[in-house]
Every structure is written in structure tokens, then in C-alpha cells.
Amino acid sequence: MNVKTMAQYAAEGKEPEILFWVGCAGSFDDRAQKVTRAFTEILNAAGIEFAILGNEEQCTGDPARRAGNEFLFQMTALQNIETLNMYKVQKIVTACPHCFNTLKNEYPALGGNYDLVHHTQLLQELIDDGRIKLTEGGTFKGKRITYHDSCYLGRINGVYEAPRATLESLDSQLVEMKRSKQNGLCCGAGGAQMWKEDEAGEKRINIERSEEAMATGASVIAVNCPFCLTMMSDGVKAKEKQDEVMVLDLSELVVQNLVR
Amino acid sequence: MIQQILFLIIAGGASFYAFRQFMAIRQTILLGQDEEISGDAAERWRNVLLIAFGQKKMFKRWIPAVFHLFIYVAFLFTQIELIEIFIDGAFGVHRFFADKIGGLYNLILNTIEVLSVLAFVATFIFLARRNLLKVPRLYSLNGWPKLDGNLILIFEVVLLVAIFTMNGTDVVLQGIDPDHYPDTGTLAVSSWLGPALFGGLGEGTLVVLERVGWWLHLGMVLLFLNYLPKSKHLHIMLAFPNTFFSRLKPRGEMENMPEIMNEVKGMMGLTEDTGEVNMEEELPDFGANDVTGLSWIDILGAYTCTECGRCTSECPANQTGKKLSPRKVMMDIRDRAEEVYTKIESGKEEYAANPEQPVSKDNFDDGKSLFDYITREEIHACTTCNACVEACPVLINPLEPILKMRRYEILTESAGPGDWLPMFNAIENSGAAWSMTIDREEWTKAE
């Protein structure tokens with residue numbers, strides 16, 4: 001893929017428009033890698049000069065901090081800030097709402113100040129500005145799509161409309177779940193839950209949420225977060241509905257309808 | 001004259017006793033750590049006006065919001081009447097303002113009467129929601145919290161009965177003895193309810209009934225004032241400071257720990273500080289295992305909580321059967337804070353961490369901690385989704401104490417869920433949340 005690192009830009013004496021913060025899930029998780037590639041394709045199609053940190057990127061520290069391990073959070077966060085400030089990074093886009101939140105809201109207190117944009121916000125911007133074009137009557141025209149608000153993009157950072165506007169530009173039929181926007185139900189992975197077994201209970205949270213999403217009759221569950229992607233996919237699989245219901249990130253929906 | 005003396009003794013005594021209880025609560029809240037109050041004062045006042053005064057967040061569920069509003073506005077207006085009751089009681093006069101403020105008096109009385117009827121209806125609806133309709137978040141309470149919720153509503157019914165007895169008999173008496181019972185003008189409720197209930201009764205009986213209504217009204221107000229500090233109902237006062245002091249930082253920002261940040265910066269050679277830890281100094285406790293490790297704002301939140309359960313009813317962990325309940329977290333903090341305060345006040349040596357010093361907030365150990373109230377299983381179940389924070393109508397933040405307890409567990413005890421260790425190790429050793437064999441740029445190589 002056509003991807004340059006910050007180090008390559010620096011070697012050429014250039015600065016990219018924006019840094020794409022890939023995140024651990026986006027770099028390593030098989031499923032999330034597809035989202036990363038889809039989003040990269042879109043950035044390239046829009047002709048945006050972007051860079052990644054590549055091997056200089058580290059975990060933002062979100063799961064460590066929320067588990068209570070402040071020491072580890074500070075170590076990884078301060079290292080990242082060193083790297084970002086060395087490259088004089090100003091604008092960052094990321095496809096992970098947890099990275100988004102930590103970079104945007106928590107790094108300033110440690111000396112890292114950046115202009116953050118979530119990939120769903122950038123997608124909407126690119127569509128609105130005509131920098132990418134979507135096919136008329138594309139794959140998702142008229143299809144019922146439900147949108148799952150991730151906690152860290154929605155309730156915690158107040159981004160509800162940009163992802164929905166993007167879905168509407170696909171000419172799909174957006175159906176809301178009973179619990180949405182401010183009242184959206186968590187997928188169950190936040191707060192470092194992704195890395196641990198559930199506490200004892202009656203049900204897994206991702207099953208509860210997947211059932212709610214499937215109850216809308218949608219054939220696509222659109223998500224904006226790699227953890228939600230895993231949790232919702234697992235939920236759909238647990239109900240053996242993976243042939244009828246697809247769980248897709250917004251960039252995967254857009255890339256399928258991209259006019260190239 | 002006897003009534004005046006009696007009034008001064010009862011009102012004075014009850015007010016004094018209530019004042020002492022409120023001071024004790026203030027001290028209990030201040031068991032918490034200092035927290036800097038920063039940010040835009042105008043935004044804080046806006047929160048007080050919109051959220052406490054204007055009840056903005058209540059209207060996310062409009063049915064309880066409307067009935068709650070009836071009781072709330074009736075309560076506010078009844079305070080105006082209370083001014084007259086205190087003047088009448090202290091100076092032995094009757095309806096002091098009746099002939100002094102003209103038509104305004106009639107307007108105020110009528111406003112109170114109409115609101116009281118609405119509050120009366122609302123009170124019964126709330127009793128029904130708690131006991132007959134069994135609204136889960138209310139019905140799920142047991143023991144004292146359940147009784148507390150019902151008692152407050154019953155007090156309100158008695159208070160409203162007192163108001164209508166007082167006004168109803170007064171209206172009838174105005175016709176019999178206008179010299180002692182000044183004209184109040186036509187009253188929306190009492191002008192027909194009074195004659196209907198009390199018409200035909202002898203003057204002596206009416207005078208007694210009017211006094212019963214008046215004293216009962218006063219008595220309920222004073223009882224309520226002294227009941228409040230023991231009850232969940234404190235929110236009628238503390239909602240205002242709680243919305244004012246509610247943190248203004250972004251929801252997604254966990255409070256930074258500068259002491260750890262500076263140490264890490266030192267270790268990384270980012271500051272002059274070498275990062276060497278003075279081994280002779282005792283390592284401080286990080287996070288919180290007791291109310292004294294929380295912020296006073298967290299304890300204020302616990303006292304502000306009226307146990308409505310909106311947080312718990314929105315909590316994804318609780319909704320899927322986990323033990324975590326944000327409401328219980330706040331109730332536990334209040335119970336533990338009360339316990340710690342009472343034990344410190346007792347001055348008993350057995351509660352002193354260092355027995356050579358007198359027991360105090362900083363020299364306290366009763367062999368218990370907040371973990372005896374809030375279990376580890378509960379705090380481990382939290383997804384930090386902020387649904388509880390979003391749900392609270394008075395801006396209490398149950399997430400903050402949960403995260404402070406997690407910090408204590410990991411940083412001070414080196415404990416916590418074993419499942420997290422591989423993640424910690426991976427971040428520490430390879431800068432990734434999972435231990436991986438491929439590098440970060442691997443995905444770029446595929447076509």
C-alpha cells in the first residue's frame with residue numbers, strides 16, 4: 001500500500017497534512033487491519049498527504065490507565081508525546097475512539113497538544129467537500145443499516161452526527177436502535193474489559209447489544225471502533241447470524257462505494 | 001403568649017439541632033482530599049441554573065420529571081409561606097402579611113394552593129410508582145433506603161393535609177370572626193374545600209383545628225429539617241453545590257497524577273529531576289481505598305445522591321447481571337464516610353493508626369476500608385462507558401471513585417485482575433497492547 005512514515009517525510013524534509021494514528025488494534029488485529037487498509041485507500045483516493053508513525057507508534061496507554069496502571073500509562077504516553085513533538089505533529093486522525101480520546105483529552109496535561117479528528121469525522125468532511133465521490137446507487141442503497149455509537153466517540157466526546165451523515169450519503173436506510181446516541185449501550189470492551197474475562201453475570205454485554213442491533217432488522221451494523229467491531233462481530237456470531245448480518249466499520253462501507 | 005414561648009423553644013431547638021447535624025455532614029464531606037476548583041465560573045453557575053434549578057437532565061424521562069417538578073415548585077413556593085409562619089409564631093400575630101401587601105397576598109396563597117394540589121397528586125403517583133407499579137430502579141431498594149423513600153412521601157402528604165386544614169378552617173373562621181381572621185380573598189381550593197369539610201363546626205372546634213393545622217405544618221417543616229441529614233432527601237439542598245462543583249474537564253479525561261508523571265519524566269531524562277526515589281520516605285498511597293483517599297467532591301456527590309437509580313438502570317454491567325451498581329457505589333461511599341466520621345468523633349484510641357497520637361482524619365485505622373463496602377468484583381465490572389455519568393440528573397460522577405479504587409488496587413497493592421498482566425507486560429515491553437510477533441507496519445505490506 002502507498003503509505004509513508006513520518007520518518008520518511010522527515011528524511012525528504014517535508015511535512016504531511018495529517019498523521020494517521022493507526023493504534024494497536026488497527027495495526028495488529030486481523031479484522032481491524034482491514035479497516036486500516038480501507039481507510040488508507042480512502043485517504044489515498046482523496047489525495048491527502050498523510051503519514052503514519054509506523055514502528056515509532058506505541059499504545060496510547062488508554063487500557064493501562066483505565067485499568068488503574070497510571071505508571072505504565074505515563075511511560076507510554078510520554079514516549080508517544082516525545083515522538084509526536086519531535087515530528088512537530090499538529091493534526092492527527094485515528095480510526096480508534098479510545099486513541100482519539102486519550103490523544104485529545106489526556107495528552108494535553110502531559111505536554112502533548114494536537115488537533116484530533118476521528119476518521120468518521122474526516123470521512124464526512126471528505127464527502128461534503130467532494131474530495132471523494134461515492135457511486136450513485138451503490139452497494140448499500142436502500143439497505144437497512146443500524147449504527148452503534150461507541151462510548152468513547154459518542155457519549156464521551158459528543159460525536160453523533162458525522163457518522164450518521166456519512167451513512168446517509170450511502171443512500172442507505174438508517175435505523176436507530178432503542179438505545180442510541182447519549183443513551184447508547186456500551187459494547188462491553190471499554191475500560192480495559194477487552195483484555196479480561198467478564199465478571200460473573202447473566203449475560204455478556206456484547207450479546208445484549210448485538211441482540212438489540214439485530215432486532216432493528218438491519219443487514220449491516222455499522223461501527224466506528226475496532227473494539228466494538230470485535231464485540232459486535234462476536235455477538236452476531238454467537239447468534240449464528242453472521243451470514244445475514246454484517247458488522248462493518250464506516251470506512252469499509254465508504255470504500256466499497258468509492259468512485260476511483 | 002404560651003404559644004409564642006412554645007414556638008420559640010420548638011423552632012429554636014429544632015433549628016439548632018438541625019444546624020449541628022448539617023455541620024457534621026460538612027465535616028464528613030471534608031474528610032475527602034482537597035481538589036482544586038478551576039475553570040470557568042460562569043459555566044459552573046450555568047450548571048446550577050440549568051441542571052439544579054431548571055432540572056434540565058430530569059426531562060430525559062419526562063413522566064417522573066413532570067411530577068417531580070410539581071413537588072419541587074410547590075416546595076419552593078411553600079418557603080414563602082414559611083416566612084409568615086415564623087413571624088406569626090414569634091410575635092403571636094395571625095397572618096401578618098394578609099393586610100400589608102394587598103392583592104399579592106392572595107396571589108401567593110393561591111399559587112401555593114394550586115401547586116399543593118399538584119404536589120398532592122404527584123406524591124401519590126410517586127408512592128404508587130415505588131410500591132404498586134414497582135418501577136424496578138425504585139422497587140429494587142430494600143431496608144432503610146426503601147423506607148426512607150416512602151417516609152419522605154408520607155411526610156409530604158401530612159404537610160399538605162396540614163396546609164389545607166389551616167387554610168380551610170381559616171376561610172370558615174373569616175366569616176365568623178373577621179377581626180381575628182383577616183380576609184385572604186377567594187382561595188382556589190380552600191374557599192370551597194374549607195366550607196365543605198369544616199362548615200357547620202362550632203367556632204371553638206374551628207379555632208382548635210386551625211391551630212392544629214398551623215402547628216402541624218410548622219412541626220412537619222422542623223421534623224423534615226432534622227430528618228434531611230439522615231435521609232437520601234438531602235438532594236434538595238446539595239444538588240445546588242454539587243452541580244456547581246461538578247468537574248468541568250472533558251468527560252474522557254481521567255484525572256492526571258502529576259506525582260507519577262514527574263517521576264516517570266525523571267526516569268526518562270525529560271526533567272532535571274533524576275527520578276531517584278528517596279527510599280527513606282514511605283511510598284505514598286496512590287488511588288483510594290477509603291473515603292479519605294477520595295476527593296471531597298466525590299463525598300459531596302454521595303450525600304447529594306437521592307438514590308433514584310437512573311445510573312444503575314443505564315449501567316451496561318448492571319443490566320447484564322453483574323454486581324456493579326453505580327448507585328450502590330455512591331450509597332456505600334456515604335455509609336463508609338459516616339462510619340469513619342463517627343469513629344473519629346468518638347476519639348477512641350482503638351481507631352488511631354498511631355496510638356500515641358489522638359485519632360484524626362490523618363491518624364485513623366479501624367481495620368476496614370472502602371473495599372469492605374464496594375467489592376473488587378464490582379469495580380472490575382466497569383467499562384468506563386460513562387452511562388452513569390450521563391444519567392445522573394444532578395451531575396454526580398460514580399465513575400471517578402471506581403477508577404480511584406482501581407488505581408489503588410494496581411498501584412498501591414500491585415493486585416487487580418490477573419488477565420490484565422499480559423496487557424501491561426506487552427505495553428511495557430513492546431509498546432503494544434498485545435504481545436505481537438509482527439511489526440506495526442505489517443499491514444502496509446499487503447495489497
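What you are looking at is a predicted structure, and each value in this text was computed from that prediction instead of being measured. Labels below follow one simple rule: chain letters A, B, ... track the order of the sequence lines, proteins then strands, and each chain is numbered from 1.
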Exercise. Where on A:F71 is there a heavy atom nearer than 4.5 Å to chain B: the side chain, the backbone, both, or neither?
Worked result: both
Exercise. Using non-hydrogen atoms only, which part of A:L185 is less than 4.5 Å away from chain B: side chain, backbone, both, or neither?
Worked result: side chain
Problem set entry | Part of A:T5 lying under 4.5 Å from any heavy atom of chain B | side chain
Exercise. Can you say whether the rings of B:W434 and A:F227 are parallel (under 30°), tilted (30 to 60°) or perpendicular (over 60°)?
Worked result: tilted
For this session: List in chain and number order the residues that pass side-chain contact (heavy atoms from CB on, under 4.5 Å) with B:P417, two or more places apart in sequence or in another chain; answer none if no residue qualifies.
Result: A:K196, B:H380, B:E409, B:W420
Exercise. By a 4.5 Å heavy-atom criterion (distance strictly below it), what part of B:K60 contacts chain A: side chain, backbone, both, or neither?
Worked result: side chain
Problem set entry | Contacting moiety of B:M436, where chain A heavy atoms sit under 4.5 Å | side chain
Seminar exercise, completed: Per ring-ring contact (aromatic ring centres under 6.0 Å, His included), A:H118 is matched among A:Y160, A:F20, A:W21, A:F100 by A:F100
Seminar exercise, completed: Turns out that what part of A:A25 lies under 4.5 Å from chain B's heavy atoms comes down to both
For this session: Under 4.5 Å heavy-atom distance to chain B, tell me which part of A:T102 shows up: side chain, backbone, both or neither.
Result: neither
Exercise. With only heavy atoms counted, which part of A:E82 is less than 4.5 Å from chain B, the side chain, the backbone, both or neither?
Worked result: side chain
Seminar exercise, completed: Whatever's closer than 4.5 Å to a heavy atom in chain B on A:R204 counts as backbone
Seminar exercise, completed: To the nearest 0.5 Å, atom CD of A:Q121 lies from atom CG of A:L250 at 11.5 Å
For this session: Report, as yes or no, whether the 6.0 Å neighbourhood of atom CZ on B:F371 holds more than 12 heavy atoms from other residues, nucleotides or ligands.
Result: yes
Exercise. Under a 4.5 Å heavy-atom cut-off, does chain B meet the side chain of A:E208, its backbone, both or neither?
Worked result: side chain
For this session: With a 4.5 angstrom heavy-atom cut-off, could you sort out which part of A:D198 is near chain B: side chain, backbone, both or neither?
Result: side chain
Exercise. Contact part of B:E255 toward chain A, heavy-atom cut-off under 4.5 Å: side chain, backbone, both or neither?
Worked result: backbone
For this session: Name the region of B:L403, side chain, backbone, both or neither, that has any atom closer than 4.5 Å to a heavy atom of chain A.
Result: side chain
Problem set entry | Heavy-atom proximity to chain A below 4.5 Å, by part of B:M257 | both
